[in-house]
Amino acid sequence: MAAAGLLALMSSGTANAADGKQRATDSTGPSGSVSWTCTYGSANAQACFAPLGEWFRIRDTRADGSPVVIQWLFYDDAVSLAYPARTGTIWNTSGEAAGWLYMNKSYPEDQPGVLRRTLHFRACSGSYPSDAVSPSTCSEWSVERT
């Protein structure tokens with residue numbers, strides 16, 4: 001019975017709060033008008049984050065056979081003022097022809113004047129099997145409040 005309850009809890013909703021290594025596989029993202037903050041400065045990939053709904057999207061911009069990745073860090077002043085509370089990677093291993101791939105996440109909401117909660121992310125190339133990012137291929141870090 002406990003296992004069934006845990007399974008129901010894990011499969012409820014669409015947002016994914018998991019950290020660590022994940023793959024973006026959804027070809028459709030949020031519906032309606034969404035405001036995106038996007039990375040810049042990488043010749044290999046572009047990544048964007050929409051705070052409303054907490055969506056990521058990533059696309060490979062070079063047909064070179066290397067997978068691309070979003071590397072993200074979530075800072076929560078309620079947990080630590082100096083270190084990320086959560087970290088992870090979101091991989092696109094489908095290549096340039098796949099276009100944008102999406103992943104829905106879940107983060108605690110920012111509370112202006114009370115608690116600062118920010119998401120830092122960048123787009124890079126890397127090795128999916130080893131979950132290794134190639135720093136020389138990365139964009140600048142983008143920062144958005146959740």
Inset, instruction - Please name all residues satisfying side-chain hydrogen bond (donor to acceptor under 3.5 Å, both in side chains) with Asp110, sequence neighbours left out, ordered by chain then number. - result: Arg145

Legend entry - Side-chain heavy-atom pair Trp100, Cys48 within 4.5 angstrom cut-off: yes

Legend entry - Heavy-atom closest contact (Pro51 atom, Ser35 atom, distance): CD-O, 3.8 Å

Inset, instruction - Check the surroundings of atom CG in Leu115: do more than 12 heavy atoms from other residues, nucleotides or ligands lie under 6.0 Å from it? - result: yes

Inset, instruction - May I ask you to decide if Pro67's main-chain N or O and Thr93's side chain share a donor-acceptor pair within less than 3.5 Å? - result: no

Legend entry - Cationic N near anionic O, under 4.0 Å, Asp19 to Arg86: yes

Legend entry - Thr87: partners by side-chain hydrogen bond (donor to acceptor under 3.5 Å, both in side chains), with sequence neighbours left out: none

Legend entry - Under-4.0 Å salt bridge between Asp76 and Arg117: yes

Legend entry - For Pro108 against Thr146, the heavy-atom pair lying closest together: O-OG1, 2.7 Å

Legend entry - Ser134 versus Thr137, side-chain donor and acceptor atoms under 3.5 Å: no

Legend entry - Proximity of Tyr107 and Trp72 rings by center, below 6.0 Å: yes

Legend entry - Minimum-distance pair of heavy atoms, taken over all atoms of Gln22 and Met103: OE1-SD, 3.6 Å

Legend entry - Heavy-atom side-chain proximity of Tyr102 to Phe56 below 4.5 angstrom: no

Inset, instruction - Search all heavy atoms of Ile70 against all heavy atoms of Arg57 and return the closest pair with its distance. - result: CD1-O, 3.8 Å

